Amino acid sequence: MSTMLARRGRHRQRYENNLRLVSGCIPYRLTKGNDCQTDNLEIRIEVLMISSPNRDDLVFPKGGWEDDETIEEAACREALEEAGVRGNLNDTPLGVWEFRSKSRQDVCSLEGGCKGYMFALEVTEELETWPERENHDRRWLCVKEAFELCRYEWMRNALENFLNMLEENGKHEFEAMEELIESPSPTVSDCQILTPNLCIDHPNSAQRHGMTL
């Protein structure tokens with residue numbers, strides 16, 4: 001039985017220009033037992049998505065950024081609370097999006113506006129129990145499936161930017177990941193936040209899978 005508890009309420013929630021600030025991540029891993037020698041990242045990686053009650057589509061872990069944590073720490077916390085995973089967080093944001101919360105989808109309403117920051121999280125540990133397990137199932141998906149099942153357009157944009165980031169980081173990081181998955185991953189007490197020595201532009205115009213993003 002997990003002793004971790006998810007944070008509740010919004011008394012510590014950050015806001016900017018009446019927009020609720022949200023932080024989240026795209027958890028990913030290099031597929032184990034993949035004998036295909038290919039440079040196609042869409043084949044070599046899987047991403048983790050979570051379900052919501054009474055919904056068939058999926059989302060990436062995300063939630064409110066609170067005033068006692070950094071935005072990177074918020075992304076790690078949401079990954080742990082909603083999906084039960086820890087890992088290495090790349091602190092270069094995949095992008096920033098403005099959207100309405102799922103309970104406030106009326107575009108004419110001034111309430112429910114959010115500003116969300118998304119990051120990439122290389123998963124090193126999956127927990128058997130986690131704080132919001134009763135509300136969220138988790139599923140590892142290939143990239144094509146993830147595009148099809150994303151609930152929101154802005155999440156598909158984040159996934160596109162995620163792929164761009166991986167391609168720009170180069171092959172050496174994936175060679176290191178291949179070495180890591182050959183042996184059991186060490187248990188980590190929290191997410192590690194990584195600062196890459198690079199600058200990334202994320203074009204939004206790229207199209208994949210024949211979908212309009």
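Owing to the predicted nature of the structure, the values given are computational and were not obtained by experimental measurement.
Ring centers of F99 and Y152: at least 6.0 Å apart, outside the cut-off.
Residues R20 and Q13 are in side-chain contact: their nearest non-hydrogen atoms beyond the backbone lie under 4.5 Å apart. Taking the side chain as every heavy atom from C-beta outward, L121 and L89 approach each other to under 4.5 Å. Counting heavy atoms from C-beta outward, R86 and L127 have side chains that approach closer than 4.5 Å. V59 places a side-chain heavy atom less than 4.5 Å from the side chain of I50.
Take D137 and apply the salt bridge (charged side-chain N to carboxylate O under 4.0 Å, His left out) test, not counting sequence neighbours, and it matches no residue. For E78, the side chain to side chain contact (heavy atoms under 4.5 Å, CB included) partners are E81, E82, not counting sequence neighbours. Here W140 pairs with E126 under the side chain to side chain donor-acceptor pair (under 3.5 Å) rule; sequence neighbours left out. For E16, the side chain to side chain donor-acceptor pair (under 3.5 Å) criterion is met by K115, not counting sequence neighbours. Looking at residues two or more places apart in sequence or on another chain, you find a side chain to side chain contact (heavy atoms under 4.5 Å, CB included) between A158 and I26, W97, M118. Y117 meets the ring pair (Phe, Tyr, Trp, His ring centres under 6.0 Å) test with no other residue; sequence neighbours excluded.
At a threshold of 4.5 Å between side-chain heavy atoms, the hydrophobic network of Ile, Leu, Val, Met, Phe, Trp and Tyr places Y15 and L19 in two separate groups.
Between E69 and G64 the shortest heavy-atom distance is OE2-O, 3.9 Å.
For the residue pair S51 and R138, no side-chain donor N or O sits within less than 3.5 Å of a side-chain acceptor on the partner.
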